[in-house]
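Worksheet for the structure shown next.
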Amino acid sequence: MEILSSLIVLPLISSLLILLLPKAYKNFYKWIGLITQVLLMINVSTLLGLFERDNAEYQFLEHSEWFRLFLGNSSLLSIDYILGVDGLSISMIALSSIVFLIASISSFKVHTREKTYHSLLLLLTASVYGCFLAVDFFLFFVFFEFMLLPMYFLIGIWGGENRAFASLKFFIYTFGGSVFILIAMICLVISHQDEFFTSEYARLVYSFDFRTLKDASNLIEHSLLSIEHPTMILGIPARDFVFLLLLIGFGVKMPVFPFHTWLPDAHVEAPTPISVILAGILLKIGGYGVLRIAYPLLPDASVKYSALIGILGLISIIYGALNALNQQDLKKMIAYSSISHMGFVFVGIASFHTIGFNGAVFQMFSHGILSSMLFLIAGVIYDRTHDRQIYHYKGLAKKMPYFTVLVAVAFFGSLGLPSLSGFIGEFLTLHGGFQSEVLPKAIPMLGVLGIILSAIYFLWTFQKMFLGEYQPLEEFRSLLKDLDRRELFMLTSLGIITLLTGVWPNLVLRYINASLTELLK
């Protein structure tokens, strides 16, 4: 089996194995999940070692015919199984391997319906890897849609009190966004044709291959998305209309204002490992989709709407930060901080500058690590007391010193302290915004307010919960204990990555720079 396919097939096989094991072997479910994630991380590490960092093209390509539909006009519809990695995707694959491994370790605390839980978690793993590896738009869409199913059940079965409402809201929002992407995909495919050579003669092919769709020479004259003869849809040029469909579809996934309202509910109700995956990986698929699909396939519309993208990012930064400042529930505060910090990704993407693009992807990687830490921190508190109210805790540093140190790393990394990864991502996105020729300078200038506000709500929360005399609610005193070995390993591992990528950002940038520079061209 090829190395890229193994990242999809291995978790699928492990998921099936868990389903086939009888209940008498239920103690093996979590270990099968953990061993699978370790093997996936080994494969990803191999990929990173073999990856040619100066090569901007897809590498390790795997291409197999999926199905062909011959049409009556000497043409055919081609959908293929094509996998590949470039600098953009390999950074997200590396992030996925880290976050899924941590989530699998965190899942050792799950003791209800373990067979179903660990099987669904592995199905989710396969679909996420499939999204980041797909080079065919149809294949990408299949994986993109499929991940909704395990996430819906993981929130709806193992979530909190309002889990049914949160899981339904998550599904409706993200499924609705997928419909916009589906319409855009069809419009793009019917507007492009490439030559397909058989042993006898050549046919014109409607292909879902990203490489075909981004090649302007394959655009059909007088087609829906023709540049010379623009078609109008609802009074908007068709190319702009399709770009806006993609922007909405992926904007829901990030989520960016005003498509964000599903996220706080989903985070608050989801169990800790699923919150880690949701914030650490799934939100990144939105930013990845914009850079992988919307920008290279519709570059003219991307430039035209760069200011709109920047404004949406700016609103998300400030709106998310103000809402985080107003929260008393620790998990809800972290959820709104995610909206704020993902807003920087949109500002970097909107800059149309190499620095901004690199900053956006670095911010996605950094936020994936830091948000995973933050939700694990909320989980540590909730596992002990079943309470997340910030005002119910005080002086935890005296009772939980190791926990306090790691909370400080996560909080200070998230507020952008130099030497931690959060600073690099925010600095590069804002720097790219100031260097941009298409983005108003007011957007990165006002974006700095998000950094100031994040410092306020993170420092206020840290001061309230960890400093001063040890005075939590009386009923919590006997429950609050420092980290066990499993929790210490998870948080320390993520903290080390935050520190390493903050001190030496080239650990990430050297993989993504060539591909993002080529994308900008």
Side-chain angles (χ1 to χ4, degrees), residues 4-5 7-9 11-12 58 61-69 76-86 88-89 92-93 96 123-152 170-194 205-215 218 224-225 238-239 241-255 259 281-298 301-302:
L4 298 188
S5 290
L7 297 176
I8 300 170
V9 175
L12 290 177
Y58 284 108
L61 275 167
E62 300 174 20
H63 190 165
S64 300
E65 181 181 319
W66 191 357
F67 62 87
R68 303 263 195 260
L69 180 62
L76 62 87
L77 183 69
S78 170
I79 300 178
D80 293 344
Y81 175 83
I82 314 175
L83 303 181
V85 289
D86 62 358
L88 174 59
S89 55
M92 295 297 100
I93 290 166
S96 299
L123 284 177
L124 181 61
T125 303
S127 60
V128 168
Y129 277 113
C131 264
F132 291 134
L133 292 171
V135 182
D136 183 277
F137 203 160
F138 188 87
L139 187 64
F140 171 89
F141 187 77
V142 168
F143 286 121
F144 185 84
E145 280 286 88
F146 186 76
M147 74 175 65
L148 302 184
L149 187 66
M151 275 300 294
Y152 171 77
F170 160 79
F171 190 90
I172 290 173
Y173 263 78
T174 49
F175 186 76
S178 299
V179 171
F180 287 101
I181 296 171
L182 175 63
I183 296 170
M185 177 175 70
I186 294 171
C187 293
L188 283 160
V189 170
I190 65 174
S191 300
H192 292 79
Q193 276 189 333
D194 196 8
V205 58
Y206 294 98
S207 173
F208 289 80
D209 190 327
F210 287 143
R211 294 166 298 178
T212 298
L213 296 176
K214 76 176 183 180
D215 187 345
N218 293 324
L224 179 65
L225 300 183
R239 294 181 65 83
F241 185 81
V242 171
F243 177 80
L244 292 173
L245 290 179
L246 290 171
L247 190 64
I248 293 170
F250 291 122
V252 169
K253 198 72 175 179
M254 280 189 65
F259 313 112
I281 304 172
L282 296 195
L283 304 189
K284 312 305 176 285
I285 295 174
Y288 175 84
V290 173
L291 285 172
R292 170 65 70 219
I293 299 172
Y295 269 37
L297 271 54
L298 296 159
S302 305

Can you name the nearest heavy-atom pair linking Ser5 to Tyr81, along with the distance? OG-OH, 2.8 Å
To the nearest 0.5 angstrom, please state how far the CZ atom of Phe180 sits from the CE atom of Met185. 15.0 Å
Quick one: are Leu283 and Met254 in side-chain contact, heavy atoms under 4.5 Å? no
Say whether Ser89 and Tyr58, considering side chains only, have a donor N or O and an acceptor N or O under 3.5 Å apart. no
Over all heavy atoms of both residues, which pair between Tyr288 and Phe132 is shortest? Give the atoms and the distance, please. OH-O, 3.1 Å
Calculate, to the nearest 0.5 Å, the distance between atoms CD1 and CZ belonging to Ile186 and Phe208 respectively. 7.5 Å
Do Asp215 and Thr212 pair up side chain to side chain, a donor and an acceptor below 3.5 Å, judged on atom types alone? no
Should Tyr129 and Ser96 count as side-chain neighbours, where that means a heavy-atom distance under 4.5 Å? yes
Within a strict 4.5 Å, meaning less than it, do heavy atoms of the Ser207 and Leu213 side chains meet? no
Do Ser178 and Leu148 come within less than 4.5 Å of each other through their side chains, counting heavy atoms only? yes
Knowing that exactly one of Phe137, Tyr206, Phe67 qualifies, which makes a side chain to side chain contact (heavy atoms under 4.5 Å, CB included) with Ile79? Phe67
Rounded to the nearest 0.5 Å, what separates atom CD1 in Ile293 from atom CZ in Phe144? 8.5 Å
Flag, side chain of Asp136 to backbone of Phe138, donor-acceptor distance under 3.5 Å: yes
I need the Glu145 CD to Cys131 SG distance, nearest 0.5 Å. 9.5 Å
Distance from Leu7 atom CG to Leu83 atom CG, nearest 0.5 Å? 9.0 Å
At their closest point, which heavy atom of Ile82 faces which heavy atom of Leu139, and how far apart are they? O-CD2, 3.6 Å
Where do Leu61 and Arg211 come nearest, in terms of heavy atoms and distance? CD1-NH1, 3.5 Å
Can you list the steps and then say if Leu246 with Ile181 is a side chain to side chain contact (heavy atoms under 4.5 Å, CB included)? CA-CA 5 Å; Leu246 290 171; Ile181 296 171; 4.3 Å; yes
Measure across Cys187 and Val242 and return the closest heavy-atom pair with its distance rounded to 0.1 Å. CB-CG2, 3.7 Å
Measuring from Leu123:CG to Met151:CE, what's the distance to the nearest 0.5 Å? 13.0 Å
Non-hydrogen side-chain atoms of Asp80 and Asp209 separated by less than 4.5 Å: no
May I ask you to decide if the ring planes of Tyr295 and Phe243 are parallel, tilted or perpendicular, using 30° and 60° as cut-offs? tilted
Heavy-atom distance under 4.5 Å between the side chains of Met92 and Ile281, does that happen here? no
Using side-chain heavy atoms (C-beta onward) and a distance below 4.5 Å, is Val128 in contact with Phe143? no
Determine the minimum heavy-atom distance between Gly130 and Ile8, stating which atoms define it. CA-CD1, 3.8 Å
